[in-house]
A.B. asks: 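My structure is below; once you've seen it, I'll send some questions.
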Amino acid sequence: MREPEVTLELALEHGLTEEEFDKICKRLGRKPNYTELGVISVMWSEHCSYKNSIALIKTLPRSGGRLLVGAGEENAGLVDIGDGLAVAFKIESHNHPSAVEPYQGAATGVGGILRDIFTMGARPIASLNSLRFGSLDDARTRYLFDGVVKGIADYGNCFGVPTVAGEVYFDNSYKGNPLVNAMAVGIVKTDKVASATAKGKGNPVMIVGSSTGRDGIHGATFASEEISEKSESKRPSVQAGDPFTEKLLLEATLEIIKADLIVGIQDMGAAGISCSTSEMSAKGESGMKIDLSKVPLREKGMTAYEIMLSESQERMLVAVKKGNEDKVKEIFDKWDLHCEIVGEVTEDGILDIDYLGENKVKLPAFDLVLGGGAPVYIRDTKEPEYLKSTRAFDLNSLPNNNNIKESFEQLISSPNIASKKWVYEQYDSMVRTNTVVGPGCDSAVIYIKDTNKALAVKTDCNGKYVYLNPKEGAKIAVAESARNIVCSGGVPLAITNCLNFGNPYKPEVYWQFKEAIEGMGEACRFFDTPVTGGNVSFYNESPETSVYPTPVIGMVGLVENLQNITTSFFKNEDDLIYLLGEDKEEMGGSEYVQLAYNVVAGESPVMDLEKEKLLQDTLLKLIESKLVNSAHDISDGGIMAALAECCIMDAENLLGATVNIPVKTREDFSFFSESQSRVILSVSKDKKDAFESLVKASGLPYLLLGKTGGNSLKVNNKYEFELKHISDLYYNSISKLMNVTV
């Protein structure tokens, strides 16, 4: 089939700018041919090149702590956890595919992030997610929500990895552009880590796993543009996943890594063969000679352009140590997977691709990749106009609330506060039998077999805070993730991030992005939790609106002793209930103000990093000293929501409480304030003196709120909430909205 002539117009259709097209022609000394244009367009797309974000991302802390492999170095980050073991983890987005094909979009997002983990030589032990949708009152939103959750559940359950934690938010800003962020965590021996490298002249290059079809062509380009009415026509850009094949690919991959048969291996994710060949070559300062005629195809008549850009799932590119070809093939044959030699490593730095006896691509690998010749931009910034009105809004001007009981019941049943049981009950959270604490508590806890250790894992971000103050909001996302890890008895180690923003060419959006990066970097440096990598997802806009800026944090912490594992819910009658930290009646961006007054305005809560670190250090000492029975952080919904959760989070053993919450200026503000750096603890009476002595010595503010007991939550001798009633509101509200009978 004759290829189209390459023109500027065609380059623009491929998502390149005129400046970029001119740069390509000058570097090559000629115009690229059609297949080369396709390769360059996907490699220089935002999704692959990070051209509008990499300069700012490099300002984040990329070393320190227990970090072994940092951001951009390999397929996933790697952190030392002792005993010759490391944890590999990463988060990525699959937003645009999920907007047009929710089931496959979400499923392949899970599949892709799992491959990033096991190409490191790590066996995946946990899956997490962070999801954002419009209001559940909308039928289209319910369709997207249902499809995404089923896609995540089916892929993870079939593959055999427990989905243990996550978060789900609903807001109209996400109506036309849902966010679907998938995270995976794995364990690897530090002497068995694999690299995404190709080097060594003459070493064979193999494609392993599934065959290649036309699914997912230009998926990376699709992810680098705004959602529009034309997006529905991009369904062919959404890949189709096969978790059963991925399970086989996992076992075969870990086997060839363990046997030391390979130089390097990389997942064929975004941009498929184009990405893996160019990135592995550039990393190894080498090149590749590839014959696409040897690629196993599932469709007839495919062109070189289609083969290079296909994003068919469950495929890997492997650089094999010469002489081990037969051993590698034998292993993949055993697992009933394709394994074909398609070329070899060269030393000239050129990506040299033939198809059916004709040369189709001859490009310098280094010029294609992030950190090489791919373009790098810093865009104009401008503080958004909306901030003038949100900052000027006087929250104290809101009318007093005369019905606290009704407001609390509305809050505890709102989809953003209520239990996500409808979601996580579709996930198998116990497969592989390592899950100690599953979905529902502050963070999930996963046992590391043959040790006395566990991992605490969490995703977190409040987009409303970031909308109101990007810098503070990003700091809060890091701090709350760390606080949740500590509440579970863990020491925060490092983060991965998924930065979901609008169009970077809009100065207001780029300002949000820049400010969020600054806040995130400041918090990560303070907590010594370096950034191991992640994903930038721009263009999260629909014709109606841009999403709230949503820099999701995925954090991993280490529980050094299994006896330190702590859960969120009250355990015993007559335990004392304490509050660590203090309230400042901060209502900006709060769930209460949005629900009661339909307002998202004011200033976000302020994050004092020194106070937060003091809280976390003190809490960890209390847990290690066996002085607390439960720990739960106060976040969305304020202290009232947190107390209710402590009473009902163990759904089989509801346990009430009688408390007195100090009121500063307004009862509703004190009850529902979302001031940061606060935790609710339960303490045995006989440990009261030891507990208070340790907290006093720390200098951290604390308050005895009351005690546990009974079948209701009693507040300030004024309000009483029956636990069965609020439990029904909390656990069943999303199910009812989704028209599911519980």
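Please read these numbers as outputs of a predicted model, since none were measured by experiment.
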A.B. asks: Is there a donor-acceptor contact under 3.5 Å from the side chain of E603 to the main chain of G588?
C.D. replies: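 Side chain of E603 to backbone of G588: no pair is present.
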A.B. asks: Quick check: W511 with F501 (ring centres under 6.0 Å apart)?
C.D. replies: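 For F501 and W511, the ring centres are not under 6.0 Å apart.
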A.B. asks: For this output row, return yes or no: ring centroids of Y169 and Y174 closer than 6.0 angstrom.
C.D. replies: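 No, they do not, as the ring centres are separated by 6.0 Å or more.
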A.B. asks: Show me the pairs that pass ring-ring contact (aromatic ring centres under 6.0 Å, His included) and involve residues 675-703, at least two apart or across chains.
C.D. replies: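 Residue pairs passing ring-ring contact (aromatic ring centres under 6.0 Å, His included), neighbours aside: Y578-F691.
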A.B. asks: Do T545 and S173 meet the criterion of a side-chain donor-acceptor pair at a distance under 3.5 Å?
C.D. replies: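 T545 vs S173: no donor-acceptor pair found between side chains.
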A.B. asks: Do F721 and F408 have ring centroids that are under 6.0 Å from one another?
C.D. replies: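 Yes, ring centres under 6.0 Å apart.
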A.B. asks: Do the ring centers of Y592 and F669 come within less than 6.0 Å of each other?
C.D. replies: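 Y592 vs F669: aromatic centres not under 6.0 Å.
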A.B. asks: Listed by chain and number, what are the side-chain hydrogen bond (donor to acceptor under 3.5 Å, both in side chains) partners of S488, not counting sequence neighbours?
C.D. replies: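 With neighbours one apart ignored, the set is S443.
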A.B. asks: When you check the side-chain N and O atoms of D636 and N416, is any donor under 3.5 Å from an acceptor?
C.D. replies: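 Note: D636 and N416 side chains miss the donor-acceptor criterion.
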A.B. asks: Just to verify, what does N564 make a side-chain hydrogen bond (donor to acceptor under 3.5 Å, both in side chains) with, not counting sequence neighbours?
C.D. replies: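 So N564 forms a side-chain hydrogen bond (donor to acceptor under 3.5 Å, both in side chains) with K626.
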A.B. asks: Keeping to residues at least two apart or across chains, list the ring-ring contact (aromatic ring centres under 6.0 Å, His included) pairs with something in residues 461-499.
C.D. replies: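 Pairs touching residues 461-499 that pass the test: Y386-Y467, Y467-Y548.
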A.B. asks: Between S93 and N535, is there a side-chain donor-acceptor contact under 3.5 Å, judged purely by atom types and distance?
C.D. replies: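 A donor-acceptor contact under 3.5 Å links the two side chains.
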A.B. asks: Could I get the full list of side-chain hydrogen bond (donor to acceptor under 3.5 Å, both in side chains) partners for S546, not counting sequence neighbours?
C.D. replies: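 Counting only residues at least two positions away or on another chain, S546 forms no side-chain hydrogen bond (donor to acceptor under 3.5 Å, both in side chains).
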A.B. asks: Before giving the answer on salt bridge (Lys or Arg N to Asp or Glu O under 4.0 Å), spell out for R666 and E585 the whole-Å C-alpha distance, their side-chain angles and the decisive distance to 0.1 Å.
C.D. replies: CA-CA 9 Å; R666 285 178 51 165; E585 285 194 347; over 6 Å; no
A.B. asks: Return each pair, listed once, that meets ring-ring contact (aromatic ring centres under 6.0 Å, His included) where at least one residue sits in residues 616-638; pairs must be two or more places apart or across chains.
C.D. replies: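 Qualifying pairs, neighbours excluded: none.
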A.B. asks: Regarding E667 and Y719, is there a side-chain donor-to-acceptor distance under 3.5 Å anywhere?
C.D. replies: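 Result is yes, a qualifying pair exists.
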